[in-house]
Amino acid sequence: MKVACVDVGNSNSRLALVDEEGVRLRIKFPTAAIGGSSCVVGPTLEKWLSKEHGKIDGLAFCSVVPSVVSRLEGVTGHLVPKSFNLSALNCRGLKVSYPNPGEIGQDRIANAVGAQAFYGVPCIVVDMGTAVTLDVVSPDLGYEGGVIAPGLALMSHYLHEKTALLPEVNPHEWDDIPIIGKSTREAIGIGCKRGFTGMIHALVEPVYDELKRRCGKAPVLVAAGGDSRFLKGGVFSGVYEDEDITLRGLWESFRRESEAGAL
């Protein structure tokens, strides 16, 4: 089964061609461009529908920007036979134990489905992008909930935005940072990068310990997003870096719907 999968983020989105073997093709583009003259979704799908890549069975997508959904469906509806917008209300095969399922981000549900299908449970998915989301999937409760925190870039940008003298710093300027900063920029880099690492471990560790105690075995840790490397090391072992977990979760959700005859 070959599915075009779209992960619509706040700033950027990803379009990928996914099948049983994994993600075959992918592009990244600004979310604001969807539906506009510079939108690449339609032309890219048309290219993928050529003889070179063959038939596409449908489109699966998740979006954290509700206003984009109708625009995305508008530029893809004539190109694919089926379209599926994943949410907490239609995630077949994934139990959702959450008081208000409708408020869960669709990308977080895609991550949970991907973790459940490809890594097993208990599992913790830590997605480190503009925001950091930590999502928990367990054998008995399914999707339980998680944690939301600011991402690394957001932390550094906020310091600049809310102060008169501190410069805006790209925390990725340094691979290695010293213990003590010798300039304002270096001091900010240390605060953000080392502080971010500490935050990630402080958020994950109690959830990890709770799941290990409750389930009788250590949970799998899946790290996604541009800053996923910050989860490695420390007290955790067996961390899987999977930048495609959201896209693969979309593919799996589409497959489940199709096999159930719901599409």
Side-chain angles (χ1 to χ4, degrees), residues 1-94 105-115 117-118 125 127 129-131 133 224-226 228 241-263:
M1 181 175 291
K2 196 176 295 182
V3 182
C5 297
V6 184
D7 173 19
V8 179
N10 287 294
S11 302
N12 294 294
S13 298
R14 293 183 298 161
L15 166 66
L17 190 61
V18 188
D19 63 15
E20 288 83 353
E21 301 301 318
V23 177
R24 293 301 189 186
L25 302 163
R26 65 170 70 79
I27 62 168
K28 187 176 180 180
F29 57 93
T31 296
I34 295 177
S37 59
S38 61
C39 181
V40 298
V41 176
T44 302
L45 278 179
E46 289 178 341
K47 179 181 177 182
W48 290 352
L49 282 165
S50 67
K51 292 182 180 179
E52 181 183 356
H53 301 298
K55 175 188 173 184
I56 295 177
D57 295 288
L59 174 80
F61 68 94
C62 61
S63 175
V64 297
V65 186
S67 62
V68 168
V69 171
S70 61
R71 301 206 306 266
L72 179 63
E73 291 175 328
V75 298
T76 59
H78 65 291
L79 296 171
V80 293
K82 304 172 185 177
S83 181
F84 177 61
N85 181 194
L86 176 66
S87 76
L89 305 178
N90 62 8
C91 50
R92 188 179 300 273
L94 176 69
Q106 295 178 2
D107 57 333
R108 300 176 72 185
I109 293 297
N111 287 347
V113 172
F118 298 106
V125 185
D127 197 339
T130 303
T133 58
S228 60
E241 286 189 78
D242 188 345
E243 65 172 324
D244 296 323
I245 188 67
T246 311
L247 298 168
R248 297 208 292 155
L250 286 170
W251 178 85
E252 173 65 18
S253 297
F254 186 94
R255 184 195 67 79
R256 293 178 182 180
E257 287 292 296
S258 293
E259 292 192 354
L263 288 176

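Values below: all heavy atoms of this structure, side chains included; hydrogens, waters and symmetry mates excluded. By convention here, the first residue in the shown sequence is residue 1.
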Where do [X] and [Y] come nearest, in terms of heavy atoms and distance?
X      : Y      : answer
Val75  : Cys39  : CG2-SG, 4.5 Å
Asp107 : Cys62  : CA-SG, 3.8 Å
Ser87  : Ile109 : O-CG2, 3.9 Å
Ala112 : Leu94  : CB-CD2, 3.8 Å
Ala115 : Val125 : CB-CG2, 3.5 Å

Nearest 0.5 angstrom please: [X] [atom1] to [Y] [atom2], how far?
X      : Y      : atom1 : atom2 : value
Leu49  : Lys2   : CG    : NZ    : 9.5 Å
Cys5   : Leu17  : SG    : CG    : 8.0 Å
Arg71  : Ile34  : CZ    : CD1   : 7.0 Å
Asp127 : Thr133 : CG    : OG1   : 4.5 Å

- prompt: What do the steps show when you test Leu72 against Ser63 for side-chain contact (heavy atoms from CB on, under 4.5 Å), and what is the final call?
  reply: CA-CA 10 Å; Leu72 179 63; Ser63 175; over 6 Å; no
- prompt: Can you tell me if Asn90 uses its side chain to pair, donor with acceptor, with the backbone of Asn85 under 3.5 Å?
  reply: yes
message: So does Gly114 get a backbone contact from the side chain of Arg248, meaning a donor-acceptor N/O pair under 3.5 Å?
response: no
Do the non-hydrogen side-chain atoms of [X] and [Y] ever get within less than 4.5 Å of each other?
X      : Y     : answer
Leu250 : Val18 : no
Cys91  : Leu86 : yes
Phe61  : Val41 : no
Lys82  : Asp57 : no
Phe254 : Met1  : yes

message: Tell me which pairs pass side chain to side chain donor-acceptor pair (under 3.5 Å) where either residue lies in residues 249-263, with sequence neighbours left out.
response: Arg92-Glu257, Gln116-Arg256, Glu252-Arg255, Glu252-Arg256, Arg255-Glu259
query: Excluding sequence neighbours, so at least two apart, what forms side-chain hydrogen bond (donor to acceptor under 3.5 Å, both in side chains) with Ser13?
result: Thr31
- request: Would you mind checking if Asp7 and Arg14 are paired as a salt bridge, meaning a charged N to carboxylate O distance below 4.0 Å?
  value: yes
